[in-house]
There are 4 protein chains.
Amino acid sequence: MSKVTEKYVLPKRKGEASRSRLLEAAAQLFAERGFEQTKISDIVKAAGVTQPSFYLYFENKDAIFAELSSQMTQRLGELMLELGQFQTSEDLPQKIQDNLCAIFTLLNQNPSLTRIGLEHATQAPLLFATMEQMMVAQLSLIKQQLKPDLDLELAASAMIGMVRHFIQTQLIPQKRSPAELARFCTDFQLFGIAKLKL
Amino acid sequence: MSKVTEKYVLPKRKGEASRSRLLEAAAQLFAERGFEQTKISDIVKAAGVTQPSFYLYFENKDAIFAELSSQMTQRLGELMLELGQFQTSEDLPQKIQDNLCAIFTLLNQNPSLTRIGLEHATQAPLLFATMEQMMVAQLSLIKQQLKPDLDLELAASAMIGMVRHFIQTQLIPQKRSPAELARFCTDFQLFGIAKLKL
Amino acid sequence: MSKVTEKYVLPKRKGEASRSRLLEAAAQLFAERGFEQTKISDIVKAAGVTQPSFYLYFENKDAIFAELSSQMTQRLGELMLELGQFQTSEDLPQKIQDNLCAIFTLLNQNPSLTRIGLEHATQAPLLFATMEQMMVAQLSLIKQQLKPDLDLELAASAMIGMVRHFIQTQLIPQKRSPAELARFCTDFQLFGIAKLKL
Amino acid sequence: MSKVTEKYVLPKRKGEASRSRLLEAAAQLFAERGFEQTKISDIVKAAGVTQPSFYLYFENKDAIFAELSSQMTQRLGELMLELGQFQTSEDLPQKIQDNLCAIFTLLNQNPSLTRIGLEHATQAPLLFATMEQMMVAQLSLIKQQLKPDLDLELAASAMIGMVRHFIQTQLIPQKRSPAELARFCTDFQLFGIAKLKL
DNA sequence: AATGAATGAGCATTCATTCAT
DNA sequence: GATGAATGAATGCTCATTCAT
C-alpha cells in the first residue's frame, strides 16, 4: 500500500520510538520519586503507550531502572578512564580543575539520569566507593606535593563527599555552573578556607 | 508482701516495653531497607508482637517512621544550639574540631536512627539546607580569618557534604572514630591538602 | 477495712451504673449511626468505661443491640394489648385517635430507642407486619362502618405506613406533637383529603 | 472479510459485559444485605471476576454503590418532572391514579435498585423530603378541591409514607400490581375508609 | 468491679505482570 | 507492534473479643 511518493519512514522504527519515550518518561519519574514510588502505570501514561507494550521493550520494572542506572554510570566510568592520570610534571591545580569540570559537565547533561544513578540506584554506594579508590590511587601519584601526614583515604572520601553534595545541591538545581563548581572544589581541596597557613 | 529490700521494679509498664521493642525493630529495619521495603509485618515479627498491637502504639506506618526521623533530627537540632557560635577570641581550629566531634559522637550513638534521618527521611534535604544556612552564619562571624574572596555559601555546602559523606561511609560503618573524623575535617577544611600554598 | 462511718453505698451498685451508662450511650449511637457504623470502642468511650468492662455486662455487640431493640418493641406490644379492641358501640373516631395518641406518646418518650426499633432493628419489618395483622383484625370488627369494598389488608398497610413515616419525619424530629399527629391521622384515614364525596 | 449481511455485532466490548455483571451482582447483594454487609469479595464472586478486576471499573466500594443509588433516583426524578402538574380542569382522581401508577411501574422494573435507593441509600431521607415538598406544591394547586382546613404538609407526608410503605411491603414482594396499588392509594387518600362522612 | 494489653480474622485496595487477540 | 482485559500476591489497617491481673 505504501507508495513511492510516501516520505521514507523515520529511520527509527515506531517501536524504537516507543522504547525511547518509555525510557525518557521513566528517567524523569524515577528521578523525581525514586524506584518504589514510580508505578509502571505512571510511566506508560507519561510515555503514551499501553501497559502491555512496556513489556515488549523491558523485561520488568527492574530492567528499565537498571538500564537507566547504568547509562549514567557507564558514561561516567568511560570519562574517568579518559581523563587519565595525574602526572607530576603537569600543572596540578589546573589538571584537577579540568577533570572536575569535565565530570560536572557530563552529569549536567542529563539531570534525571544523574539523580537516578547517584541518589536512587542501589549501587550508588558502590560507585562512590570505586571512585574513592581511584582517587586514592591518583593522590598517591602526587603524594610528594601533598602534606606529609595526609590520610589519603579520608582525603579521597572527603573530596568525593564534597563533589557528591555539590552535584545534588548545586549542579542539579542549576544554582552553579560546572566550571564554577570545579574551580571552587579545586581551591577548597588544595588550600582550604583559612586565610593563612600558620 | 513486698519487702523493703526488694528493688522497686521498673515503672515501665508492659505496654511501654512493647512500644520500645517496636521502635527498635522499626529503626533497624527502616535503616537497612528504607521505608517502602519495610513491611509492618516485618516490624511486628521482629518485635515479637502481633500486627494489631502495632496500632495500639502507632497510628500508622507513617507515624512510627516520623517518630524515628524526628528523634534524631531533634537531638541534632538541640546539640547545634548548645554548641553556640564561633567567637573571634577563641582558638578557632580547636573550637571547630570540638563541635564536629560532638556532632559525630551524637550520631555515632544510634546508627540506625542516623541512617533513617540522613538517608531515608524525606526531610533530609531540608535538614542539610538548614545546616548549611547555620554554617554560613557561623562563617560570616569569622570572615576576617578566612580567605578574602571565599564564597561562603559554597564553602558551607562543601563542608556539609564532606561531613555527610563521612557519616555514611566512615562513621556508620565504624571505620573511623568521631574524634579522628573531627580532626581530619577541621584540618582539611581550614588548610586543604596541598603541601604549600604557593 | 471498711468502717461503719463510711457512707453506706449507693443503692444502685457501681456495676448497675456502668451498665446503664453503656445502654444509654449505645442507644444514642445506634440511633444516630446504625448497628454497623457503631463501634464498641465508641460506646465505651461515650459511657466512660473500658472495653473489657463492656463484656462484663453484655455478651457481645449483638446482645446490647437486641436488648435495646426489644425494650421499645416490648413496651409497644404491651401498650397495644392494653388499648384493647374497637367496639361497635364506641365513638369510633375518638377511640382511634386516642389509641394513636397513646402510641405516639410512648414512642415520643425515648426517640433513640424508637429509631433503633423502627429504623435499624432487623426485626422491624416483622414488627410492622405484626402490627398490620392486628390492624386488619381491628378493622374487621368494625367492617360495617367501613366502605363495603374496602381492601382491609391494604388499608391496614396504608395506615401503618403513614404512622411509620410520621414517626420518622414528624415525631422524632419534634416537628409535631403526638396529639396533633393522632388527630390528623384519624381524620385522614377515615375521610381522606377531598372536600366532598361525590 | 465481514459481509454486509452480517449483523453488526454488539458494540459492547467484553469489558462492558464485566462491568454490567458487577453492577448486577452488586445491586442484588446491596439490596439484600445493605452496604456494610456486602463485601467486595462477594460481589466479584457473584459476578465471576477477580477482585482486582473490580477496580478496573469502579474506583472503590463507595463508587459502585453511589452509581446504583443514583440510577434509580435519577430515573425517578426524571419521571416526576415528566408527570407534570395537576390542573384544575382535569379529572383529578384519574390524574393522581395515573401518576402513581407510573411511579409504581417504574420502581417495579428493578426491585434491587429500588430497595437500594429507598432503603439503603443514605440520601433516601432527603429524597423523601424532596418528594414531600413537590407534593405540597401539587396539593396547593388544587387547594379548593380539598378540605378547607387540611394541613397540606402533613397530608403530603402521609401520602409519601403510604406510598413508601407500599413499595416495600407490597410492590417489591410482588404482592400487588402497580395498577392495583395506584387505585387503592388514590381512593384512600381522597376519600378515606369510612362508609359515610358524618 | 475493673483494666492494660493483646489478638484472630477479616477487608478494601494496589501493583507488577500476563494472556488472547 | 500493539492493546483491552484480567489476575496473583501482597499490604496496610480495623474491629470485636479475650486474657491475665
Side-chain angles (χ1 to χ4, degrees), chain A residues 13-19 35-44 48-65, chain B residues 13-19 36-44 47-64, chain C residues 9 13-19 35-44 48-65, chain D residues 13-19 22 36-44 47-64:
Chain A
R13 306 298 225 6
K14 207 175 164 204
E16 281 303 307
S18 294
R19 191 172 202 282
F35 183 78
E36 323 282 347
Q37 302 282 12
T38 301
K39 296 182 282 182
I40 301 241
S41 62
D42 293 336
I43 297 175
V44 297
V49 306
T50 59
Q51 208 132 335
S53 286
F54 177 91
Y55 292 90
L56 238 47
Y57 303 108
F58 305 96
E59 196 171 341
N60 52 32
K61 195 183 169 187
D62 287 335
I64 195 174
F65 186 78
Chain B
R13 300 294 190 40
K14 208 175 164 203
E16 283 301 310
S18 294
R19 191 174 201 280
E36 323 281 347
Q37 301 282 12
T38 300
K39 296 176 282 181
I40 302 236
S41 63
D42 294 336
I43 298 176
V44 297
V49 304
T50 58
Q51 204 133 344
S53 287
F54 176 92
Y55 293 91
L56 233 51
Y57 303 107
F58 305 97
E59 200 172 338
N60 52 33
K61 197 182 164 187
D62 286 336
I64 194 175
Chain C
V9 250
R13 305 301 225 6
K14 208 177 164 201
E16 282 304 307
S18 294
R19 192 174 201 279
F35 182 78
E36 322 283 346
Q37 301 282 14
T38 301
K39 295 183 284 182
I40 301 239
S41 63
D42 293 336
I43 298 176
V44 298
V49 306
T50 59
Q51 208 134 333
S53 286
F54 176 92
Y55 292 90
L56 238 47
Y57 303 108
F58 305 97
E59 197 172 339
N60 52 32
K61 195 183 169 187
D62 287 335
I64 194 174
F65 187 79
Chain D
R13 300 292 188 43
K14 207 175 162 206
E16 283 301 310
S18 293
R19 191 173 201 280
L22 282 167
E36 322 282 347
Q37 301 283 11
T38 301
K39 295 176 284 181
I40 301 236
S41 63
D42 294 334
I43 297 176
V44 298
V49 305
T50 58
Q51 205 131 338
S53 286
F54 176 92
Y55 292 91
L56 233 50
Y57 302 108
F58 304 97
E59 198 170 342
N60 52 31
K61 197 183 165 187
D62 286 335
I64 194 174

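Each chain gets a letter, A, B and so on, in the order its sequence line appears, and its residues count up from 1.
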Without decimals, in angstroms, what is the distance between [X] [atom1] and [N] [atom2]?
X       : N      : atom1 : atom2 : answer
A:Ile64 : E:dC15 : CD1   : C1'   : 16 Å
D:Lys14 : E:dT21 : NZ    : C1'   : 10 Å
A:Phe65 : E:dA16 : CZ    : C1'   : 16 Å
D:Phe54 : E:dA12 : CZ    : P     : 9 Å
B:Glu16 : E:dA6  : CD    : C1'   : 15 Å
B:Glu36 : E:dA16 : CD    : C1'   : 15 Å
C:Ile40 : F:dT14 : CD1   : P     : 17 Å

Out of F:dT14, E:dG4, F:dA6, which has the shortest distance to the side chain of B:Pro52? F:dT14
C:Ser18 side chain, from C-beta outward: closest of F:dG4, F:dA16, E:dA2: E:dA2
Is the shortest side-chain N/O distance from [X] to OP1 or OP2 of [N] below 4.0 Å?
X       : N      : value
C:Lys39 : F:dC15 : yes
D:Thr50 : F:dG8  : no
D:Ser53 : F:dT7  : yes

If each of A:Val49 and B:Gln51 is mapped to the nucleotide of DNA chain F with the nearest heavy atom, which maps nearer the 5' terminus, i.e. the 5' end? A:Val49
Return the 5'-most residue of the pair D:Gly48, C:Ser41 with respect to DNA chain F, ranking by each residue's nearest nucleotide.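 Going by which nucleotide is closer to the 5' end, it is D:Gly48.
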Here the gap from B:Phe54 atom CZ to B:Ser41 atom OG, rounded to the nearest 0.5 Å, amounts to 11.0 Å
Output, in order, the C-alpha distance, side-chain angles, deciding distance and verdict of side chain to side chain contact (heavy atoms under 4.5 Å, CB included) for B:Glu36 and A:Phe35. CA-CA 10 Å; B:Glu36 323 281 347; A:Phe35 183 78; over 6 Å; no
Stems formed with participation of DNA chain E [Watson-Crick or G-U wobble, under 3.5 Å, three or more pairs]: E:2-21 with F:2-21
In residues 55-63 of chain C, which residues come under 4.0 Å of DNA chain F by heavy atom?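 Within residues 55-63 of chain C, the residues near DNA chain F are C:Tyr55, C:Asn60, C:Lys61.
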Does B:Gln51 have any side-chain hydrogen bond (donor to acceptor under 3.5 Å, both in side chains) partners at least two apart in sequence or in another chain, and if so, which? none
Can you sort out the partners of D:Thr50 under side-chain hydrogen bond (donor to acceptor under 3.5 Å, both in side chains), two or more places apart, ordered by chain and number? D:Ser53
Does B:Thr38 have any side-chain contact (heavy atoms from CB on, under 4.5 Å) partners at least two apart in sequence or in another chain, and if so, which?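 B:Thr38: side-chain contact (heavy atoms from CB on, under 4.5 Å) contacts with B:Leu29, B:Phe30, B:Arg33, B:Ile43.
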Could you name each residue pair satisfying side-chain hydrogen bond (donor to acceptor under 3.5 Å, both in side chains) that touches residues 54-64 of chain B, not counting sequence neighbours? none
